[in-house]
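A quick write-up on the structure given underneath.
Labels below follow one simple rule: chain letters A, B, ... track the order of the sequence lines, proteins then strands, and each chain is numbered from 1.
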Amino acid sequence: MKENIVIIGGGIAGLEAACQLLDLGYKPIIIEKSDHLGGHVADWNCLFPDMTPAGDIVSALISKAADANIFLNTEISFVNKLQDSYNIMLSNGISIITRIMLVTTGFSVFDASKKEEYGYGVYDQVITNKDLEHWFNTGDDRRVNDSAMNAIGFVHCVGSRDEKARNSQCSKVCCITAVKQAIEMKQKFPEAMVYCFYMDLRMFGKKYEDFYISAQRDYGIRFIRGRVSEVSENIDGRVIVKAEDTLSGKPVKVTLDLLVLMAGMVCSQDSTKVANMIKLPLDSDGFLKSADNVADIIDSPKEGIFYAGACTGPKTVPETLAEARAAALKIHLYIMKK
Amino acid sequence: MIYQGKQKIWADYQKEIPDNHWFYVRSCIRQNFFPGAEKMFLEICRGLLKKDIFETEHHTTCGGIAYHCDTIPQETVMTIVARQFALMTEAGYENYVASCITSFGNYIEILETWKEFPELETRIREMLWKACKREFNKPKYVAHASDLIYKYRNEIAARAKFRLVNRFTGEPLKVVEHIGCHYAKMFPARGVGGAEYPYVLCGMIESWGGNVIDYPERRHCCGYGFRQYHVKANRGYSLSNTYKKFESMEPYHPDFILTNCPGCPYFMDRWQYVIAETEGKTYGENGYGIPVLTYEELASLVLGYNPWDIGLQLHQVAVEPLLDKIGIEYDPKEKYKGLNEKDLMRPELPGVLRCC
Amino acid sequence: MDFGFKLSPSSAINLDKVDTEKFAELHRAEPDVYKCMACGSCTSTCPANRFSGMSVRKVILGLQRGKEKEVIAMMKNCMLCGKCSMVCPRGINTRHLILSICRIYGEDMK
Amino acid sequence: MKLYDELLKDYRAKEGLKTCINCGTCTAICPAAEFYKYDPRKVMDIVQSRDEEEIEKLLKSDFIWYCGECMSCVTRCPRKNGPGLVIMALRSLSARLGYFTCSEKGRQLYPLTRLLTGNILNYGYCVYPDTFKWEDHKESGPVWKWHLEHIDDSMARLGANFKGNGPGILRKIPQESLDELKSIFDVTGGTERIETVNRFSEAKAEEMGMDMEEYFRETFEHTSEGHLNNED
């Protein structure tokens, strides 16, 4: 089939949609800015709640999508609107005429250094959820010192539910990610005390609550209900965390060897860049605006332009994959109708 | 500690500070406890750097302390401040510099509140007219006096006679900096360096050769607490908060503490005395305390002024060990003398805290 | 010298200094103790709560925050009626837990 | 009159109270929460509950007088609230309604008002050497005692214009400027506030069987057990 379908972004949403479109007999084009496919999930180690290796998910998708036209290290230079299609100029000099685009530009991890009081980038022993996954994958991070991990803390809601950080939204996956990472750290350092500082624990997904119970019962992870207010460094280079233990109504402090910030999801710059080029509106949460947030999350307000995944808001991996499949079907039906 | 991380944040919080032509308002606490500091601010800015800093005898307290002791309504403090702005307007200035941090915070808070509630500004203008028959323009720039010294820090360094270096070891002096809470905690963008890692004093210390120490309770309040100090029954609060800071900085063995708020040096100086007398604990070397200086005093010291002309005798914690480290010469007999060598006797010695 | 005021003790909970040994022993006897999610069902159903402030949720929390003294004082009001066991959504056998606490922290109770 | 509505007329409450999520970032670093039985988060929660009975209890309690107004809480709140600002509005309302005399820490408003507004109206300063007596401030140390004993000479040495004419350190503020301050107090409700505090304090003093000097001393110096964490 000759119809050009342009998928912007080669993360799991773009890959899954491409797989489905290939199965339907199309030859979609994937445009990916970086030098590899898989997006954020490719940087992750294991996925909740069954500890599925993220690499397996990504490599399966990549091999299934291999027949698509894939442009790595490629960005969109500009888009011209034609009569009833678009002319897309790529940074590699190729231009594509299409009337169908699937936006799968995903999210960005919140820049944790903007929460200045948590000292990311200032205090040595403060890392993010993403840094920790990197360490799980590579074992390479001098901040995680195998010989001195007696106390480890996780801070929920970093750059989420925070008007000062200009993101009042919940990032959805950090609670369960913190539980997962806390368990993994406890497995690696069984003698360590592991604390999670949370405001609410949003255990909404399949088996999440069981995962949380296991973290409590089987791993003895301490959950403290209070948002971290301040982090500082002591003379040994360890970090001191201050919060209120709101359940006892008292300030609480603890000294830690490692503090992991659960940086949230914000709309990626790539999403806003694409939105600017195709004149797509942003929703009040800063993510791309769907035709309808309940009935029609996959449709953009513009004809022929569809969304899948975290470009419209924080999503889990299964949610993203489901949206990608739904988007492929939508695109297929759209082509059939014409 | 990753120094570059702090530099990145500092770069985000640079505020515009005009170079010259300031309308100057004094600080109640500084005039009482560190009068020499205000003298030296004007001496350095006017005498040495030839800046135009204007003062009128008609300005008064901004009412900030009374306001934060909850003894006057918000409209009252706002109208007092509006009168100060009127004095500035009448004198033909538009840059406003305050010696006090409570004042500085007060001015910023009032201007921001007026921005959000313009009807309140209109009411205050009416009240000022009714009370004083005065009108005012809002200042174009509001600075704290430490912002100015920060701005002039390199000029001061260029004229300095001393560096913040321990002359016995050749090492930079270890300096704790303490920022008044109302400098940037309410409006981080209004302070040099922001609220979490303020740079206003760090900049001076670095420029004059010292090393800044960051310790866990750096951001904690000195413990003033307004009503928690002015009422005798509450002073345990104030004392306990200072104690918490000193316990936290103790392992770093700072050579001195630098402050930009007029109240903090008083509390951090005097509570060391009280802790020594009641708990038997001292934080400096050999039974001394840790000297607590204002930025005007420190600038004057590096510029080579006589320590007793700038008022260091009014500190309860003796500054002599610090002067010795920097290599500043002084005459101990001069310390408590009046003008023309007039004999004023000397203060009694505390029981525990070593003072000479 | 009497200044008319003095240092006040800090109320902050310092987790570095909380002794975790007894709680670890309790955990060995009652693995479910960590399952508490502080929902407060036990408190709202406790007949002793109204007049004494007794709350199993607060007992579990207090023991992890170094507040054994307060907890023991609170627990003296428990009548072992077991209503809390019936309402716990996490299925903690709170009655059994209370007995284990009495056994392990027995000395502190005197 | 609804207390909540009265409170929300205060600009500081408008500014400081949006929506609180009870996260505790304020209490975590609050200097008062560490040394008093105090929790600013709870203040916010009570006020936003709009429970009139609870708000009245709050206005009559010691609780609202523990804050030191350092405003450290403002920096941290993820919802852009200002617990310290709400406290200021509560205190103002408590003063206006005379509820402050119901609590020991509230009654301290009398000595505070006398000291601070007295200094402002008499001298034009919030703090002034003539009223900062060593006997009431022994913590100011022997050096302050010495300084006060030789204040003219000590000030002269430091280039102050103590009680002098013209600009300078601790100058005499011209009478016409002091008159303007008085006029500002009259026009803006400052004078009325002083009178209100005095009126309620006098009634309370009578109830406690004290003359105003005794009442001043009592409220300025005395603290009962129960404010601190280790006390019942």
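The 12-atom threshold is not exceeded at CD of A/Glu191, counting heavy atoms of other residues, nucleotides or ligands nearer than 6.0 Å. Other residues, nucleotides and ligands contribute at most 12 non-hydrogen atoms within 6.0 Å of the CE atom of C/Met86.
For A/Arg222, the part lying under 4.5 angstrom from a heavy atom of chain C is the side chain only. The part of C/Thr20 that comes within reach of chain A is its side chain, from C-beta onward, which places non-hydrogen atoms under 4.5 angstrom from that chain. Proximity to chain C (any heavy atom under 4.5 Å) is shown, for A/Tyr219, by neither the backbone nor the side chain.
The structure places CD of A/Gln216 at 9.0 Å from NZ of C/Lys35, a figure rounded to the nearest 0.5 Å. Between atom NE2 of residue C/His27 and atom CZ of residue A/Arg217 there is a gap of 7.0 Å, rounded to the nearest 0.5 Å. Taking CZ of A/Arg238 as the reference point, atom CG of C/Asp16 lies at 6.5 Å (rounded to 0.5 Å).
Checking each of C/Arg65, C/Lys58, C/Lys67 against A/Asp245 for a salt bridge (Lys or Arg N to Asp or Glu O under 4.0 Å) leaves exactly one that passes, namely C/Arg65.
Of all residues in residues 249-267 of chain A, those placing a non-hydrogen atom less than 4.5 angstrom from a non-hydrogen atom of chain C are A/Lys250, A/Pro251, A/Val252, A/Lys253, A/Val254, A/Thr255.
Within the 4.5 Å cutoff, the side chain of C/Met37 has heavy atoms near those of the A/Glu209 side chain.
Taking chain A as the reference chain and counting heavy-atom pairs below 4.5 Å, the highest number among C/Ser10, C/Ser11, C/Ala38 is found for C/Ser11.
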